[in-house]
Asker: 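Here it is, the structure, as structure tokens.
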Amino acid sequence: MLDAKLVVENPEPILRALARRGPAAAASLDGIQPVVARRRTLLRQTEDRRAQLKTASKNLGAFRDKASPEFAALREKLRADGDEIKALEAQLAEVEAELERQLLRVPNLPHESVPEGADSAANRVERVWGEPRSFDFEPQAHWDLGVKLGIVDFERAAKLAGPRFAVLLGAGARLERALIQFMLDVHVREHGYTEMMPPYLVNRSAMTGTGQLPKFEEDLFHVEPQDLFLVPTAEVPVTNFHADEVIEGPLPVKYVAFTPCFRAEAGSYGKDVRGLVRQHQFHKVELVKFAEPERSFEELESLTRDAEEILRRLELPYRVVTLCAGDLGFSATKTYDLEVWLPSQRTYREISSCSNFGDFQARRAKIRYRPGKGEKPRLVHTLNGSGLAVGRTWLALLENHQQADGSVRIPKALQPYFGGEVLAR
RNA sequence: GGAGAGAUGGCCGAGUGGUCGAAGGCGCCCGCUUGCUAAGCGGGUGUACGCCCAAAAGGUGUACCGUGGGUUCAAAUCCCACUCUCUCCGCCA
């Protein structure tokens, strides 16, 4: 959520920044100004009248003769005043709710370092690591390779759940588990993150805090009887872990959480229908940071490096791109995508998304910190990034490290976790 | 699922209709004192949103004692509903 005060006092730069995302984003600010103005007059009026009533009421309490007609008359007047104030308060509450409703649908402002552009074609490549391997045989797509190896089954998954689900079997399941363990160990032991296992179901308030609600409800799986949602990413429970709090300790606070992720992906049918790239359920190891505002962009750099480290150790060629303004997610002010090379598609595909959200989520979720002893709390900056999406790592590893005989080489760093050097039939 | 207890400031904890933003303590900050990192003394110490002020400092108003509603001129305090926490019983991976 943007700072309502800024929106009112200095709307031009905000409007300009939103316009970089596209016309719809800029339009989301329409109609907010008059609501803010109305709120201000109503608030002042209500508070003034309430102040009057309070003093009058105190005087009444001090009245000597509580049986006198003067007492009764004054009491009657105050009762009427009270009713009027209540009416004002009701109006005010309505206006404030309206303001909140509108503000919650305005996306974050793209940071100045974010490139112009409408879609992913305008994303800026920052760096490239590793080199796409040249094969002396025709590399197979993971859905062919995986099925032949007997480590993934899409058909039976469809039978028991539906499309966009997969069953991992044998060494495939073990590979998934090895990747999770490996990622967690690197981030905990070497990068200093605290491991967290959060709930996989969260309420509306948490989903609103990080920005999935109210705008993107159709992308979520809703669990009826309790009005809960399956988490689309660990970002939601982990960021909201500190909602409504003042963090007293030193920043940054860093968490890493492994969770399943559930995405309804409404409207995405027809895209990436084959294989493991786009599933309703997948595993992800997520990095989350709470940082000082002045340092949050440095923290974004180091968080991105932390995620990159996993790809390097798995010997997977990748590149880092900065999302352009038009491609940026709703809550983010700046995002680096890590894209891994996929031989079957001869292209780089997103495997991690590392974002700085500035104070956008912190304002929604009321997450603050104390800069120093006795100082006033300030909003933190929140960040997160996949470190990494496990399913996509699984498939990238299969495709990149496949061998002519249909087996898969396990990179050295993963061997102790996987328990072997080769994955073969 | 059944029975009971509770929810107050960073923490502990008092407060059953007005003088309560809320005693007291802890913690923290500032100052003084003290011949060693401790103790003592004095003062200060919530958040949000308005308004005044060129701004800061400061002043001032309103709200907030789990949440929402009600009674009353007036609610932390009375009434109703809900949520959460704890204890016991049942069930359960």
Side-chain angles (χ1 to χ4, degrees), chain A residues 1-10 32-104 197-209 223 225-229 237 240-251 253 260 290 359-380:
Chain A
M1 195 161 69
L2 302 180
D3 186 351
K5 204 182 277 181
L6 271 181
V7 172
V8 176
E9 287 171 1
N10 199 7
I32 284 192
Q33 293 276 15
V35 180
V36 172
R38 184 158 157 66
R39 173 184 174 270
R40 197 194 307 246
T41 32
L42 262 175
L43 180 65
R44 193 164 177 184
Q45 202 180 351
T46 311
E47 291 194 343
D48 286 353
R49 298 229 24 199
R50 200 152 38 198
Q52 285 169 24
L53 181 69
K54 268 176 87 166
T55 26
S57 177
K58 264 176 198 160
N59 293 338
L60 186 71
F63 231 82
R64 292 235 189 94
D65 183 0
K66 296 213 159 107
S68 69
E70 290 83 2
F71 180 86
L74 185 54
R75 190 173 63 185
E76 200 43 53
K77 181 185 179 306
L78 293 189
R79 187 204 306 272
D81 286 355
D83 289 344
E84 286 176 34
I85 291 170
K86 250 177 208 157
L88 280 174
E89 283 172 337
Q91 284 181 53
L92 182 64
E94 210 171 289
V95 169
E96 289 192 323
E98 175 59 26
L99 180 63
E100 172 100 349
R101 259 199 302 281
Q102 295 201 24
L103 229 36
L104 281 175
M197 296 197 105
Y200 307 148
L201 286 162
V202 300
N203 56 32
R204 279 182 189 276
S205 151
M207 284 292 185
T208 306
V223 179
Q226 314 276 356
D227 194 23
L228 295 173
F229 297 88
N240 282 285
F241 183 69
H242 287 299
D244 298 307
E245 287 185 17
V246 177
I247 300 173
E248 298 285 348
L251 296 181
V253 173
F290 300 83
D359 61 15
F360 187 86
Q361 294 182 328
R363 185 172 293 106
R364 288 174 162 244
K366 300 188 182 65
I367 309 169
R368 295 175 298 170
Y369 77 107
R370 205 175 292 281
K373 297 262 185 213
E375 289 186 53
K376 280 191 136 196
R378 295 174 68 199
L379 291 171
V380 299

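Basis for what follows: all heavy atoms, side chains included, without hydrogens, waters or symmetry-related copies. Numbered from 1 within each chain, the chains take letters A, B, ... in sequence-line order. Predicted, not measured: the structure shown is a model, and the values here were computed from it.
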Asker: Output the pairing pattern of RNA chain B as a dot-bracket string, 5' first, Watson-Crick or G-U wobble with both distances under 3.5 Å, | for cross-strand pairs, [ ] for crossing pairs.
Answerer: ((((((((.[[[..)..(.....]]]((((((.......))))))(((((((.....))))))).[[[[[..)....]]]]])))))))....
Asker: Using the C1' atom in both, what is the distance from B:A75 to B:A56, to the nearest Å?
Answerer: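 One C1' to the other, the span is 38 Å.
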Asker: So, using side-chain contact (heavy atoms from CB on, under 4.5 Å) as the criterion, who are the partners of A:Ser68 when residues are at least two apart?
Answerer: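 A:Ser68 satisfies side-chain contact (heavy atoms from CB on, under 4.5 Å) with A:Phe63, A:Asp65, A:Glu70, A:Phe71 only.
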Asker: What is the distance, rounded to the nearest whole Å, between atom CG of A:Leu6 and atom P of B:C49?
Answerer: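 One finds 12 Å between P of B:C49 and CG of A:Leu6, rounded.
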Asker: Can you find a heavy atom in the side chain of A:Ile247 that is under 4.5 Å from one in the side chain of A:Val253?
Answerer: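 A:Ile247 reaches A:Val253 side chain to side chain.
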Asker: With a 4.0 Å cutoff (strictly under), does any side-chain N or O of A:Arg40 reach OP1 or OP2 of B:C49?
Answerer: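 False: A:Arg40 side-chain N/O out of range (4.0 Å or more) of B:C49 OP1/OP2.
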Asker: For A:Lys77, check side-chain hydrogen bond (donor to acceptor under 3.5 Å, both in side chains) against everything at least two apart and list the hits.
Answerer: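 In terms of side-chain hydrogen bond (donor to acceptor under 3.5 Å, both in side chains), with neighbours along the sequence ignored, A:Lys77 is linked to A:Asp81.
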Asker: Using side-chain hydrogen bond (donor to acceptor under 3.5 Å, both in side chains) as the criterion, list what pairs up with A:Asp83, not counting sequence neighbours.
Answerer: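 Testing A:Asp83 for side-chain hydrogen bond (donor to acceptor under 3.5 Å, both in side chains), a comparison that skips the adjacent residues, returns none.
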Asker: Can you check the A:Arg38 CZ to B:G50 P distance for me, whole Å?
Answerer: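 After rounding, the gap between these two atoms is 17 Å.
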Asker: Send over the distance from A:Leu379 CG to B:U47 P, rounded to a whole Å.
Answerer: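 Roughly 13 Å, once rounded to whole Å.
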Asker: Do side-chain atoms of A:Arg204 reach the backbone of A:Leu228 as a donor and acceptor pair under 3.5 angstrom?
Answerer: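 Absent.
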Asker: Between B:C65 and B:U77, how far apart are the two P atoms, rounded to whole Å?
Answerer: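 My reading of the P atoms in B:C65 and B:U77 gives 8 Å.
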Asker: A:Arg368 versus A:Arg378: any side-chain heavy-atom pair under 4.5 Å?
Answerer: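 No, side chains not in contact.
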Asker: Without decimals, in angstroms, what is the distance between A:Glu9 CD and B:C49 P?
Answerer: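 One finds 11 Å between P of B:C49 and CD of A:Glu9, rounded.
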Asker: Say you pick atom C1' in B:U87 and the same atom in B:U71; how far apart are they, in whole Å?
Answerer: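 About 34 Å, rounded to a whole number of Å.
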Asker: Restricting to side-chain hydrogen bond (donor to acceptor under 3.5 Å, both in side chains), what partner residues turn up for A:Arg75, sequence neighbours left out?
Answerer: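 Testing A:Arg75 for side-chain hydrogen bond (donor to acceptor under 3.5 Å, both in side chains), a comparison that skips the adjacent residues, returns none.
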Asker: Provide the distance between the two C1' atoms, one in B:A93 and one in B:C79, to the nearest whole Å.
Answerer: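 Those two atoms are separated by 43 Å.
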Asker: For residues 37-46 of chain A, which residue pairs qualify under salt bridge (Lys or Arg N to Asp or Glu O under 4.0 Å), counting only residues two or more places apart or in two chains?
Answerer: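 Only A:Arg39-A:Glu96 qualify under salt bridge (Lys or Arg N to Asp or Glu O under 4.0 Å).
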Asker: Hey, what are the protein-to-nucleotides 72-74 of chain B N/O distances that come in under 3.5 Å?
Answerer:
{"unit_1": "B:C73", "atom_1": "OP1", "unit_2": "A:Arg79", "atom_2": "NH2", "d": "3.1"}
{"unit_1": "B:C73", "atom_1": "OP2", "unit_2": "A:Arg79", "atom_2": "NH1", "d": "2.5"}
{"unit_1": "B:C73", "atom_1": "O2", "unit_2": "A:Ser57", "atom_2": "OG", "d": "3.1"}
{"unit_1": "B:A74", "atom_1": "O4'", "unit_2": "A:Ser57", "atom_2": "OG", "d": "3.1"}

Asker: Are any side-chain N or O atoms of A:Asn240 and backbone N or O atoms of A:Ala243, one a donor and one an acceptor, separated by less than 3.5 Å?
Answerer: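 No.
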Asker: Using whole Å, what does the distance between atom C1' of nucleotide B:C51 and atom CZ of A:Arg39 come to?
Answerer: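 For the pair A:Arg39 CZ and B:C51 C1', the rounded distance is 13 Å.
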Asker: Work out how far the P atom of B:G1 is from that of B:C73, and round it to whole angstrom.
Answerer: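 Here B:G1 and B:C73 have their P atoms 41 Å from each other.
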Asker: What residues form a salt bridge (Lys or Arg N to Asp or Glu O under 4.0 Å) with A:Glu84, not counting sequence neighbours?
Answerer: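 Here the qualifying residues are A:Arg49.
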Asker: Give one of base, sugar-phosphate or nothing for A:Lys366, where a contact means two heavy atoms less than 4.0 Å apart.
Answerer: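 Since no nucleic acid heavy atom lies under 4.0 Å of A:Lys366, the category is nothing.
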Asker: On a whole-Å scale, what distance lies between the C1' atoms belonging to B:C20 and B:A74?
Answerer: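 After rounding to an integer number of Å, I get 13 Å for this pair.
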Asker: Checking A:Glu98 now: which residues fulfil salt bridge (Lys or Arg N to Asp or Glu O under 4.0 Å) with it, not counting sequence neighbours?
Answerer: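 Checked A:Glu98 against salt bridge (Lys or Arg N to Asp or Glu O under 4.0 Å); matches are A:Arg101.
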Asker: For the pair made of CG in A:Asp244 and C1' in B:A48, what is the distance, rounded to whole Å?
Answerer: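 One finds 13 Å between C1' of B:A48 and CG of A:Asp244, rounded.
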Asker: Expressed as a whole number of Å, how far does the P atom of B:C53 sit from that of B:G66?
Answerer: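 B:C53 and B:G66 have their P atoms separated by 38 Å.
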Asker: Taking atom C1' in both B:A14 and B:A23, what distance in whole Å separates the two?
Answerer: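 Approximately 6 Å lies between the C1' atom of B:A14 and that of B:A23.
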Asker: Once you round it to whole Å, what is the distance between P of B:G70 and CG of A:Asp83?
Answerer: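 Answer to the nearest Å: 11 Å.
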Asker: So A:Arg49, base contact, sugar-phosphate only, or nothing? Heavy-atom distance under 4.0 Å.
Answerer: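 Nothing: the residue A:Arg49, judged by heavy atoms under 4.0 Å, touches no strand.
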Asker: What are the atom names and distances for every N/O pair under 3.5 Å that joins the protein to nucleotides 60-62 of chain B?
Answerer:
{"unit_1": "B:G61", "atom_1": "N2", "unit_2": "A:Glu47", "atom_2": "OE1", "d": "2.9"}
{"unit_1": "B:G61", "atom_1": "N2", "unit_2": "A:Glu47", "atom_2": "OE2", "d": "3.3"}
{"unit_1": "B:U62", "atom_1": "O3'", "unit_2": "A:Arg50", "atom_2": "NE", "d": "3.4"}
{"unit_1": "B:U62", "atom_1": "O2'", "unit_2": "A:Arg50", "atom_2": "NH2", "d": "2.8"}

Asker: Got a sec, which residues hit salt bridge (Lys or Arg N to Asp or Glu O under 4.0 Å) with A:Glu76, two or more places apart in sequence or on another chain?
Answerer: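 With sequence neighbours excluded, A:Glu76 shows a salt bridge (Lys or Arg N to Asp or Glu O under 4.0 Å) to A:Arg79, given in chain and number order.
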Asker: The criterion is ring pair (Phe, Tyr, Trp, His ring centres under 6.0 Å); which residues satisfy it with A:Tyr369, sequence neighbours excluded?
Answerer: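 A:Tyr369: no ring pair (Phe, Tyr, Trp, His ring centres under 6.0 Å) contacts found.
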Asker: Measure CZ/A:Arg368 against P/B:G9 and give the value in whole Å, please.
Answerer: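 Interatomic distance, CZ of A:Arg368 to P of B:G9: 14 Å.
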